[in-house]
Amino acid sequence: MEALIRMDTHHYWLPVSSRGSARLIRHAFRGKRWEGRASDTSVCGVQCAMAEPSELDWFQAPTCWDCTNILIEEQERADAALE
């Protein structure tokens, strides 16, 4: 019997501030949605302060490429395990 790779398939994005950066960055987080936590660790391992973002925050915050690449790699591994 083949071993299945279990991964959390749910993630959400949120523009957040992080230590060492004055600007907001849109990081990915594990889970279905932000539930009001004051801080969390992003998919790429950055500890972030979290708050309700404005529409302008969503527009101005660039996407974290590390989070993006990690999620793509996880999806590729999950797809390969199904083959």
Side-chain angles (χ1 to χ4, degrees):
M1 178 182 242
E2 289 183 37
L4 295 177
I5 296 175
R6 188 193 179 297
M7 62 179 237
D8 185 357
T9 58
H10 297 287
H11 64 274
Y12 63 93
W13 295 86
L14 192 69
V16 294
S17 60
S18 59
R19 217 175 272 180
S21 177
R23 67 189 286 198
L24 296 178
I25 298 173
R26 195 177 316 131
H27 281 284
F29 298 90
R30 305 288 179 186
K32 291 185 179 183
R33 66 179 143 319
W34 177 58
E35 295 178 347
R37 286 185 299 281
S39 66
D40 202 354
T41 302
S42 68
V43 168
C44 70
V46 175
Q47 184 67 31
C48 300
M50 303 169 89
E52 186 72 36
S54 70
E55 287 185 38
L56 191 57
D57 293 338
W58 280 103
F59 177 75
Q60 291 180 330
T63 300
C64 173
W65 288 111
D66 290 336
C67 285
T68 301
N69 289 328
I70 289 168
L71 292 172
I72 288 170
E73 289 172 8
E74 287 176 359
Q75 185 62 54
E76 288 172 348
R77 283 194 306 270
D79 290 346
L82 295 175
E83 293 177 355

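Below, each value reflects all heavy atoms present in this structure, side chains not excepted, and no hydrogens, waters or symmetry copies.
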**Asked** Which pairs count as salt bridge (Lys or Arg N to Asp or Glu O under 4.0 Å) when at least one residue sits in residues 46-58, sequence neighbours excluded?
**Response** none
**Message:** For a quick test of reading the model, state the closest non-hydrogen atom pair linking Pro15 to Pro53 and the distance between them.
**Reply:** CG-CB, 3.7 Å
**Asked** Does the pair Glu73 and Asn69 meet the rule for a side-chain hydrogen bond (donor to acceptor under 3.5 Å, both in side chains), with working shown?
**Response** CA-CA 6 Å; Glu73 289 172 8; Asn69 289 328; over 6 Å; no
**Asked** What pairs meet the salt bridge (Lys or Arg N to Asp or Glu O under 4.0 Å) rule with one or both residues in residues 31-51, with sequence neighbours excluded?
**Response** Arg37-Asp40
**Complete:** residues 27-51 vs ring pair (Phe, Tyr, Trp, His ring centres under 6.0 Å), sequence neighbours excluded, gives Tyr12-Phe29
**Fill in**
OG (Ser17) and CE (Met50) are apart, to the nearest 0.5 Å, by 10.0 Å
**Request:** Apply side-chain hydrogen bond (donor to acceptor under 3.5 Å, both in side chains) to Thr41 and list each qualifying residue two or more places apart in sequence or on a separate chain.
**Result:** Gln47
**pair Gln60-Leu24: side-chain heavy atoms closer than 4.5 Å** = no
**Request:** Calculate, to the nearest 0.5 Å, the distance between atoms CD and CG belonging to Glu74 and Asp79 respectively.
**Result:** 12.0 Å
**Gap separating the OG atom of Ser42 from the CZ atom of Arg30, nearest 0.5 angstrom** = 9.5 Å
**Request:** Quick one: pull up CG in Leu14 and SG in Cys64 and give me the separation to the nearest 0.5 Å.
**Result:** 13.0 Å
**Message:** Strictly by ring pair (Phe, Tyr, Trp, His ring centres under 6.0 Å), give each pair with a member in residues 38-67 just once, sequence neighbours left out.
**Reply:** none
**Prompt:** Can you check whether Val16 reaches Ile25 side chain to side chain, under 4.5 Å on heavy atoms?
**Reply:** no
